[in-house]
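Below you'll find the structure, written out as structure tokens, and then a few comments.
Quick caveat, the model's predicted, so the values are computed rather than measured. Letters go in sequence order (proteins before strands), and every chain restarts at 1. All heavy atoms count here, side chains included; hydrogens, waters and symmetry mates do not.
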Amino acid sequence: MKKIEAIIKPFKLEDVKEALKDIGITGMTVTEVKGFGRQKGHTEIYRGSEYTVDFLPKTKIEVAVADSLVKQAVELIVKAARTGKIGDGKVFVSSLEDAYRIRTDERGDAAV
Amino acid sequence: MKKIEAIIKPFKLEDVKEALKDIGITGMTVTEVKGFGRQKGHTEIYRGSEYTVDFLPKTKIEVAVADSLVKQAVELIVKAARTGKIGDGKVFVSSLEDAYRIRTDERGDAAV
Amino acid sequence: MKKIEAIIKPFKLEDVKEALKDIGITGMTVTEVKGFGRQKGHTEIYRGSEYTVDFLPKTKIEVAVADSLVKQAVELIVKAARTGKIGDGKVFVSSLEDAYRIRTDERGDAAV
Amino acid sequence: MKTIYILPLVAALLALAGLPVAGAEAPKLPVPTLEQRVGDLESYMNNAARVTDGKAESKVGGGGPGHSAWMMTSAALVLFMTLPGLALFYGGLVRRKNILSLMAQCLALAGVVSLLWWACGYSLTFGKGNGWLGGFQHAFLQGVGSDPNTDYGQWVPHSLFMVYQLMFAIITPALTIGAIAERMKFKAIMLFSVFWMFVVYFPAAHWVWGADGWMNGLANDAAKIKAIDFAGGIVVHMTSGWSALALCIVLGKRLGYGREPMQPHSMALCMVGTGMLWAGWYGFNAGSAVAADGVAVNAFVTTTLSAAAGCFTWPAIEYCVRGTPSVLGFCSGAVAGLATITPASGFVTPGVAVLIGIVAGAATWFACNVIKAKFKYDDSLDTFGVHAVGGTIGTILAGVFATTAANPNLGADRIKAFVGSTLWLEQLKAGALVLVWSVVATVILAKLVSALCDGLRVSEEVETIGLDLVEHGEEGYHG
Amino acid sequence: MKTIYILPLVAALLALAGLPVAGAEAPKLPVPTLEQRVGDLESYMNNAARVTDGKAESKVGGGGPGHSAWMMTSAALVLFMTLPGLALFYGGLVRRKNILSLMAQCLALAGVVSLLWWACGYSLTFGKGNGWLGGFQHAFLQGVGSDPNTDYGQWVPHSLFMVYQLMFAIITPALTIGAIAERMKFKAIMLFSVFWMFVVYFPAAHWVWGADGWMNGLANDAAKIKAIDFAGGIVVHMTSGWSALALCIVLGKRLGYGREPMQPHSMALCMVGTGMLWAGWYGFNAGSAVAADGVAVNAFVTTTLSAAAGCFTWPAIEYCVRGTPSVLGFCSGAVAGLATITPASGFVTPGVAVLIGIVAGAATWFACNVIKAKFKYDDSLDTFGVHAVGGTIGTILAGVFATTAANPNLGADRIKAFVGSTLWLEQLKAGALVLVWSVVATVILAKLVSALCDGLRVSEEVETIGLDLVEHGEEGYHG
Amino acid sequence: MKTIYILPLVAALLALAGLPVAGAEAPKLPVPTLEQRVGDLESYMNNAARVTDGKAESKVGGGGPGHSAWMMTSAALVLFMTLPGLALFYGGLVRRKNILSLMAQCLALAGVVSLLWWACGYSLTFGKGNGWLGGFQHAFLQGVGSDPNTDYGQWVPHSLFMVYQLMFAIITPALTIGAIAERMKFKAIMLFSVFWMFVVYFPAAHWVWGADGWMNGLANDAAKIKAIDFAGGIVVHMTSGWSALALCIVLGKRLGYGREPMQPHSMALCMVGTGMLWAGWYGFNAGSAVAADGVAVNAFVTTTLSAAAGCFTWPAIEYCVRGTPSVLGFCSGAVAGLATITPASGFVTPGVAVLIGIVAGAATWFACNVIKAKFKYDDSLDTFGVHAVGGTIGTILAGVFATTAANPNLGADRIKAFVGSTLWLEQLKAGALVLVWSVVATVILAKLVSALCDGLRVSEEVETIGLDLVEHGEEGYHG
Ligand SMILES: Nc1ncnc2c1ncn2[C@@H]1O[C@H](COP(=O)(O)OP(=O)(O)O)[C@@H](O)[C@H]1O
Ligand SMILES: Nc1ncnc2c1ncn2[C@@H]1O[C@H](COP(=O)(O)OP(=O)(O)O)[C@@H](O)[C@H]1O
Ligand SMILES: Nc1ncnc2c1ncn2[C@@H]1O[C@H](COP(=O)(O)OP(=O)(O)O)[C@@H](O)[C@H]1O
């Protein structure tokens, strides 16, 4: 089992979700995060005080998938999330040692 | 050292926290997340526009524990978080290479 | 490649970001989290109802770095985030199997 | 069941058919003398009865502009107290997942109670009938036009008095919902409220305020109990507050009450609501003079001072007891000061108002912090602790401190012997009776509604998810 | 382009130069008799013309305090409807990233329209000219002082009438922005609005309300169309609502409309705005009597009942159709009831108001839920669905139900033959003409502004990021 | 220390003992003639002195309904400016962790200042004493009843004038807290404010507005400085604004000022507060006529135009300088326009108001953007930049542009020679003196309070965590 973490532009969430659904991945966990990277932030001025907001709103998707699906899933995510403009985000893959479904005590691949 | 990540129903947080306390785990980090899975979302209608909200509010708990405690901790979490209804969530276990306590420079198991 | 996760006090974020910038790490993802640990929370009383708020606002920083940078990065984070008071937080290191830059299809160390 | 929505439509059509029928032509009165005409104008200034009354045809028709101006303003202010004042005050105090349910309830009550009021509520409350209930002569506002109803206001159009009183009829049941917030079915609340208006509000308001009400010591010579209630200590705060206590006990506690955190999700919005309530309360209290006269102004002053004293006292106690004065403390104290002065506002002097405000702040603090903790009922937003306690104390203190120096109407023969003497006892009697009536009626109605709605409470699951999403299909905040 | 900001400064200086010139001394009138003096005072009470008019020098100058009190209150209430009422009502309904853009637009319109009104808008609208447009005699408020302009109000200072009407001129274009929310350039909105005021609002308001307006059936003997519009069904809601429809079609849909979720980011704030609109609407409707008289009070009552009936009907339909009455339903219904009664509020009886409110709730529900879905235009916040539909229906129903029982002015020779007979046809004619005028003008102005601003819409990127950040350099919420 | 909470209770009891003692019976006046009676009524209409004064017993007692209606409305509006208007305007601008601290401060000031006002504040300010301070004759509101105090208003009950002025006494110290937001101890703020009321507000208000104030050019023949201040340019905005500057410098900057982001946590709420301030300001300015007369109406108009011009100018400058007009710009400009017209509102013509609004917007923009950046003081929410700068400019411009065309009272012998001539110099003198007095007093009081409270500032840790949690035990938002 692997965990795929993808940091994407928020408005791409629907697209990524749909893409993953197509290969039968119907579980994921999503977090609102703020990203810092090459994409420049913006400046807000309030009565003369200037604030550079470096952190941009991003969405983090976490999906646990069976090893067999990883490659396909990553490809689909990359494709669905791409706009081609700076700030599109990253996908990270790491390994999971185990997984449990709380409701049923199922374990491992059956649980994700 | 392992990292346990549990996605649970938000109102179960207190119970899980208490359960972990019982085996001496007093550190954890909690994030508000949104989950997508078998549990169906709901539909909101605003003046004729219908929105399906697929993502449900969930709570993610992250706990770093010494290897020896993992099994027990996972069991406790699963027990405390279970309602038996769809959407109870998942527990993922992965391995941590290292840990540091910022305040004291402690490292490894001592740091968690 | 490794993933460094640091849980820090929120007002230390700027300092940590600056510190990492100095060694050329210009990408990171930040999440608002709530932490539970040795640092005591506080009590809020509303018309006689007392609520103990155990969870304190913390900030989680996630940075993917090439293996070569890990040690230095962790040290800098620890230094920048330290106040010496309880609740300063933790740094966790785990291994990443792969990374992709969505925009360019770059992979591995080139992607972070 | 859904066919009930047809009813108001039908009623409206019926009412249309019954457009104002010109009454039997009254005998023509003589033309007024110049002296009488000036007298009428002076009466307007003094908010007194017309000197032409029965003697000549007045040259000035309808209400008087200054009084009408103030009463329209007051009516708007009291509406503003509910929408959005109370909706915010209550909405800020509940958990995020339930804010809209409180707002929906306030809005729905504004809609439904207005229609009831128009159909027969006003008539049953302020129409003449017997000591116990008014008649149907003003059903569908028949005969409620721009001429003053001098039973209730010398220089304010009858219809203005009617709409002003409507605003009170709206806010009273809306106060009650604070006690049962976060767990009662919307349908059950609405059904309960409609019944409650007929069984508690219309009667009780008639008893105390109706021209022939049997507790209306101020205006009814034949009143059995010589009670006074300037702006609704008995009629508004005691009825709603004591009913709230009964209802929240019948209903039971919220899931996880006392175990899970249930902090106000937005003290900031709650404070905004408080400010609106305070400002709106000027319409409530000073407006209850039904004129822009000296009594109104005195009520304005006493309202301010009592609110301020309450707003000082509650957090001062907090400061002594736990070291930090809280915003909820300031807000609660202010509202307590406002609720408590309400029955007394037009009857007491400013110095007394300060005293009442201090007592209000202390007593409601005690009720919400000590009594509630001891008896462990779940009065979610302290409708009982603030409104019933405040309203009850204010009702009695009004009896103790009322003085003709503040309100010349207390000098009328029917009441003056009581003022400064046993008036407080009359207040106690009236208050106790209304209290018992409210509690008993609430318990019975709750059982009835429970039978009709298959239980009063939402399911555990709905309570966990939140009323907003399940009962209203929306969320308070997104993104 | 930026030099346009110099203009108001220059204008202000010019206006300073033109400080009130004492007019040619009018011939001295005789001292009034005691009878006449009392008559004047009685006229004040009755909101009638002075008996000294042309006969003697009145001893009472300027307006009358009661009427002025109400009209100042009303003006403040109508301002409050826009700032912050409408800003919240609309701001709560958009996505989080765009709340400030709506607020900026409301604020900017308040600023710019006030300056236009001062410079020439008031004069063009309410000055005498011809049936189509007023003149420039009141440019820079020349001759607009504390003496009443008896064309518009017997006992209210001319300048008070002027500033009261300003508040209507502010809110009208502000209503329009609801339809084009979340996608139009700020600069384009402002430019469009300025043009629109000159081409649509000033003329249309003059036609219907100007003393010599060609559609002013109530006050102008020479009116070609005998239309009535108490508080702005045609002038405010139809102009803004139909223009809104045209503009949102010209503009096109929001990116992702119908695909991405676009829920209200804060129904709670939207509800707060609704409460403010409701309370403020009393100034809007009852204030339109330009006096604190019986007509005002009747408008107050009808406004309340229609709002309540709308607030009941819309969610009742929701309850029947989908099982859950929503807060947005309550709010929409209330606003629909308010918008629909507006033209009729001072002309119909309370029972009719209930009927109008029910029709309003049902019709606007249908427009927003069925028609919009069918024709697939993106009227973001339903300005068309609520205001145009409500205003149009109200305009016609005002014609059907207007009665001298509610408003004695309908008994004037110039109009009485129509009342209760073919008045609705006059309403239809006036409404249709204004509708067509608004739509055509909007389309042309949109093209013009598009040319001047290099397109009406923000870029896709800006629309994605949100208008707040890009157009105003701020975010609605932080942290 | 905590025993101080007993004091108001004792005071209240004392005051009770001192219930209105009937004064020595005045010699009985003759019955008025019909002519005199009509004259009295006409005086009411004209807001003039009674013709029966000293000649006959007036048949109309107390105030006049129209004027009282407006003044009650105005008082409610000014209260609404603070609660919740200013609390939101300021609360929205601070960081999320400090919103409640601003709200608590506003509420606490409303509570405490009301009690001070009742005990002796009103008496010291508006009672007769000498040019420097009033007396104690009205302590505990003795002698403040429903008869007008003709020094301050011909047709408004004395107690209404008193409570109206209370609202000014509340908002003035509340304005100051904007400058020291997010870092001063609650206890220190309260102590400072109480002292400040006695040392700055009561005296300065007496100087400028007291019937025998030595700077009251408008009403006091014996005034040394012939200053005018319609609604509080000197008394409210200069005292609070300059004190705010002094206090924020004494206090020092917020931790991380200029380094860490300190954006408004909710521009949306700030804008809501702005709308409330704007609407409430009509009570502030037009209410300062203490009547619903032509002067009030003119003030209403000038207030509107100046607010609009400010609301246009500030964002227009932003647009020129940085390309994006911001909501904070609109809000700041509007408030600047309102603050600046305040002293002039009842004295100048509408055209001048536009000019003043433009100057206001530009000058305060400059103060907040350029001056503050240059001198690097941390005036957190720009109380100095907006209120002191606006109030000072308005005070001087009132002197330049005041005209009897706008306000006949300027034609009184005591002042008319100055009007249109050297009045601005009197304004300058009065303004400068009050400025110096405020700054010096603030610095001394700050030292004193610092000694009493063990420092003025919260600890670094508390400042980091946020005042809400530590000082009030609550959080603004949950979940
Ligand atoms: N080394 C990193 N570790 C964790 N997250 C990163 C890292 N680098 C970038 N990110 C995340 O990816 C987002 C996009 O990165 P950015 O450099 O702006 O553009 P791009 O993805 O086009 O290279 C960032 O906002 C941040 O959330
Ligand atoms: N493959 C997955 N990867 C990450 N999170 C998941 C995955 N599947 C489910 N989840 C998380 O677990 C939650 C519960 O899953 P769901 O399928 O609804 O019910 P159940 O846990 O009963 O199977 C989801 O809301 C989501 O947050
Ligand atoms: N075992 C753990 N797993 C995950 N997060 C932890 C763990 N222990 C502590 N934390 C995080 O670190 C934060 C600081 O820990 P705490 O025990 O309060 O102080 P210190 O870091 O000084 O030991 C906590 O608020 C929590 O977010």
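With a threshold of 4.5 angstrom between heavy atoms, D:Ser146 approaches chain E through side-chain atoms but not through N, CA, C or O. Of the two parts of E:Thr73, only the side chain, counted from C-beta on, holds a non-hydrogen atom closer than 4.5 Å to a non-hydrogen atom of chain D. Using a 4.5 Å cut-off between heavy atoms, D:Val144 makes no contact with chain E at all. Proximity to chain D (any heavy atom under 4.5 Å) is shown, for E:Ala309, by both the backbone and the side chain. Interface residue E:Arg322: only side-chain heavy atoms are found under 4.5 Å from chain D. With a 4.5 angstrom heavy-atom cutoff, E:Pro325 touches chain D via backbone and side-chain atoms both. D:Ala75 touches chain E through backbone and side chain together, each having a heavy atom under 4.5 Å away. At a 4.5 Å heavy-atom cutoff, the contact between D:Leu166 and chain E is made by side-chain atoms alone. Both the backbone and the side chain of D:Leu100 come within contact range of chain E, with heavy atoms under 4.5 Å apart. Using a 4.5 Å cut-off between heavy atoms, D:Leu34 touches chain E through its side chain atoms alone. When heavy atoms are compared at a cutoff of 4.5 Å, D:Leu141 approaches chain E solely by way of its side chain, counted from C-beta outward. Using a 4.5 Å cut-off between heavy atoms, D:Met71 makes no contact with chain E at all. With a 4.5 Å cut-off on non-hydrogen atoms, E:Ala406 does not touch chain D at all. Looking at D:Glu471, the atoms closer than 4.5 Å to chain E (heavy atoms on both sides) all sit in the backbone: N, CA, C or O.
Looking only at heavy-atom pairs under 4.5 Å with chain E, the residue among D:Gly62, D:Gly66, D:Ala76 that has the most is D:Ala76. When E:Glu318, E:Met271, E:Arg96 are compared by the number of non-hydrogen pairs under 4.5 Å with chain D, E:Met271 comes out ahead. Ranked by non-hydrogen atom pairs under 4.5 Å with chain E, the options D:Cys106, D:Pro84, D:Ser101 are led by D:Pro84. Between chain E and the residues D:Ala108, D:Gly145, D:Ser58, D:Ala110, the largest count of heavy-atom pairs under 4.5 Å involves D:Ala108. Between chain D and the residues E:Gly337, E:Gly294, E:Ser266, E:Ala69, the largest count of heavy-atom pairs under 4.5 Å involves E:Ser266. Contact tally against chain D (heavy-atom pairs below 4.5 Å) for E:Ala268, E:Gly283, E:Gly280: the top residue is E:Ala268. Per-residue heavy-atom pair counts under 4.5 Å with chain E were compared for D:Trp155, D:Trp117, D:Trp70, D:Phe80, and the maximum is reached by D:Phe80. Contact count against chain E (heavy-atom pairs under 4.5 Å) is highest for D:Met167 among D:Met162, D:Met167, D:Met276. The residue among E:Gly333, E:Pro264, E:Cys331, E:Pro65 with the most heavy atom pairs within less than 4.5 Å of chain D is E:Pro264.
Taking each heavy atom of E:Ala286 and D:Met72 in turn, the nearest pair found is CB-SD, 4.2 Å. Shown here for E:Val301 and D:Ser159, the closest heavy-atom pair between the two residues is CG2-O, 3.6 Å. D:Ser68 approaches E:Ala292 most closely through the heavy-atom pair CB-O, 3.7 Å.
Within the model, atoms NZ of D:Lys59 and CG of E:Asn46 stand 10.0 Å from one another, a figure rounded to the nearest 0.5 Å. Put simply, CZ on E:Phe312 and OG on D:Ser114 are 11.5 Å apart, with the number rounded to the nearest 0.5 Å. Atom CD in E:Glu42 sits 8.0 Å away from atom CG in D:Asp40 (nearest 0.5 Å). Interatomic distance, E:Leu277 CG to D:Leu83 CG, rounded to the nearest 0.5 Å: 11.5 Å. Note that SG of E:Cys311 is 9.5 Å distant from CG of D:Leu109, once rounded to the nearest 0.5 Å. Note that CG of E:Leu269 and CG of D:Leu269 are 6.5 Å apart. Values are rounded to the nearest 0.5 Å.
For the pair D:Met103 and E:Phe330, the minimum side-chain heavy-atom distance is 4.5 Å or more. The closest side-chain heavy-atom distance from D:Arg37 to E:Glu35 is below 4.5 Å. Between E:Tyr477 and D:Tyr477, every side-chain heavy-atom pair lies at or beyond the 4.5 Å cut-off.
E:His265 places no side-chain N or O within 3.5 Å of a backbone atom of D:His478 that could act as its donor or acceptor partner. The backbone N or O of E:Val327 sits less than 3.5 Å from a side-chain atom of D:Glu474, completing a donor-acceptor pair.
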- Start with the C-alpha gap between D:Phe186 and E:Tyr319, add the side-chain angles, then the distance that decides, and say whether side chain to side chain contact (heavy atoms under 4.5 Å, CB included) holds. CA-CA 11 Å; D:Phe186 179 72; E:Tyr319 179 64; over 6 Å; no

